[in-house]
Number of protein chains: 2
Amino acid sequence: MERDLRQRLLTVAEDLFARRGYTETRVREITSRAGCNLAAVNYHFGGKRNLYLAVIEERWVPRALRIREEFVRNLHRSPSGPEGVVEALFRAFFQSPFTERESWRHRRLLAQELAQPTEALEIMLSRGLRPLLETIRESLQDRLPPGVPERRVRLTVFSLLGQTLYFHLARPMIQNFLGESPPEDELLRHVKDFALRGLKGLTG
Amino acid sequence: MERDLRQRLLTVAEDLFARRGYTETRVREITSRAGCNLAAVNYHFGGKRNLYLAVIEERWVPRALRIREEFVRNLHRSPSGPEGVVEALFRAFFQSPFTERESWRHRRLLAQELAQPTEALEIMLSRGLRPLLETIRESLQDRLPPGVPERRVRLTVFSLLGQTLYFHLARPMIQNFLGESPPEDELLRHVKDFALRGLKGLTG
DNA sequence: AGAGCTACCAAACAATTGTTTGAAACGCAA
DNA sequence: TTGCGTTTCAAACAATTGTTTGGTAGCTCT
């Protein structure tokens, strides 16, 4: 546990927001888990809503930016050609420097905002996801023969990211359809292959 | 508007549940929009939660089953070979017999349950989506050379459905990344192509 | 030591929200 | 018409929940 109560509140709050969603999360539960008084949330953040936004700004966005950094780092070590981009992207997402629970919270918060957008989504997209998408697009365009229209690259990047997101978002569905929890790397390999073939549409 | 108050409540409730989510929807708003008394929800359904489950059972599931029927119908008119399956699937989803708003509600309710699963998701999956997935799988396997392992087909079907779902779920993201609302059919064509290429992994 | 500031707390507050209650209105058969 | 079950209603209820209030402990600087 962090010593600083403010940081502790952010940590506990993110966990609960990710687990139960914004409205189903009670300020009382946050504060009791953080071992402090009910009024602390209002003192440090000025209300439940602002606490939520602070979680997005101070925890979610930095993490999204770190994923992008990780992607760039992977890019140097990955095979050349456009396939290397997919490789680097999947590594950044699935062998990220975060714990499994942390990644889970990260995806969960995004999924909730996609299902029910609020002003927080705007922050996530413009400050976190867009930079990642642009970086992917640039590195992909660099590895592509010249003349491929930017718009097509953009659409493909969007689908690539879609593969990694959907893989997580629809986890409960996979389980229902494939029966018992399938091995992680079998799924991962399949989704990556699927994405790689989709990429082929750009090169011909 | 339906004459029957019970049906009217289901209609209004589905719309609000889809727009605001379960907890953010107020029983008072449902009843006032349905033009009846607050107590009607408890009289006809026995509580807010049961009204929500009734919406899933009596509106969402039947619609999911109709999409499957539409898929089967399309299958006869679509080109032979595995590509025809993708064709039929996309038509069932995007040229469905429902209004745009109805499709929107349908997807929204699913997205919310995926982002925050409750017992309702279990109903949606087992009674609505699984039948569709199984039907797709069977028709795909029929059009595939024998010997392709069922598990691989299953994974591919899952990804195909993923393309159609993601296309909708992530709509706010597309807008942010592509700038101004892109033409519907451009997106549709791209996603379908992406899915078609992914399918190639099974045939060769 | 004492003023002043920050961090924290217990308790009260005000508003919202799902549910219940008891009665009125309605439809229909006897 | 009378009686009775069903449907609808206005009002009250009970519980929850975010926020505010007023005060206390701890710290620093003079």
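Just so it is clear: chains get the letters A, B, ... in the order the sequence lines come, proteins before strands, and each one is counted from 1.
- A centroid separation of less than 6.0 Å is found between the aromatic rings of Y22(B) and Y52(B).
- Atom CG in L5(A) sits roughly 16 Å away from atom P in dT6(C) (whole-Å rounding).
- The separation between E24(B) atom CD and dG18(C) atom P is 10 Å, rounded to whole Å.
- Rounded to an integer number of Å, the gap from CG of L9(A) to C1' of dA7(C) is 12 Å.
- Atoms CZ (R20(A)) and P (dT17(D)) sit 11 Å apart, rounded to a whole Å.
- Within 4.0 Å of A39(B), counting heavy atoms only, lies at least one base atom of the nucleic acid.
- Across every non-hydrogen atom of V153(B) and R137(B), the tightest pair is CG1-CG, 3.8 Å.
- Looking at which nucleotide of DNA chain D each of H44(B) and L38(A) is closest to, the 5′-most match is held by H44(B).
- Protein atom NZ of K48(A) is 4 Å distant from nucleotide atom P of dG18(D), rounded to whole Å.
- Taking the nucleotide of DNA chain C with the nearest heavy atom to each of A40(A) and R28(A), the more 5' of the two is matched to A40(A).
- Between the CZ atom of F45(A) and the P atom of dC8(C) there is a distance of 11 Å, given to the nearest Å.
- Residue Y43(A) places none of its side-chain N or O atoms closer than 4.0 Å to OP1 or OP2 of dC8(C).
- With dT19(C), dG18(D), dC9(C) as the choices, the nucleotide that has an atom nearest any side-chain atom of N37(A) turns out to be dC9(C).
- Residue V86(B) comes nearest to A195(B) through the heavy atom pair CG1-CB, 4.5 Å, listed as atom of the first residue, atom of the second, then distance.
- Summarising the geometry, the separation between CZ on R49(A) and P on dT19(D) is reported as 11 Å, rounded to the nearest angstrom.
- Minimum atom distance to the side chain of N42(B) is reached by dT19(C), of the listed dT17(D), dA10(D), dT19(C).
- Counting only distance, with no hydrogens or angles, the side chain of R152(A) and the backbone of G201(A) share a donor-acceptor pair below 3.5 Å.
- Between the side chain of R26(B) and the base of dG18(C) there is no donor-acceptor pair of N/O atoms closer than 3.5 Å.
- Protein atom CG of L51(B) is 14 Å distant from nucleotide atom C1' of dT19(C), rounded to whole Å.
- In this structure, R73(A) pairs ionically with E70(A), as a charged nitrogen and a carboxylate oxygen lie closer than 4.0 Å.
- If you check every strand for non-hydrogen atoms under 4.0 Å, T25(B) touches sugar and phosphate atoms only.
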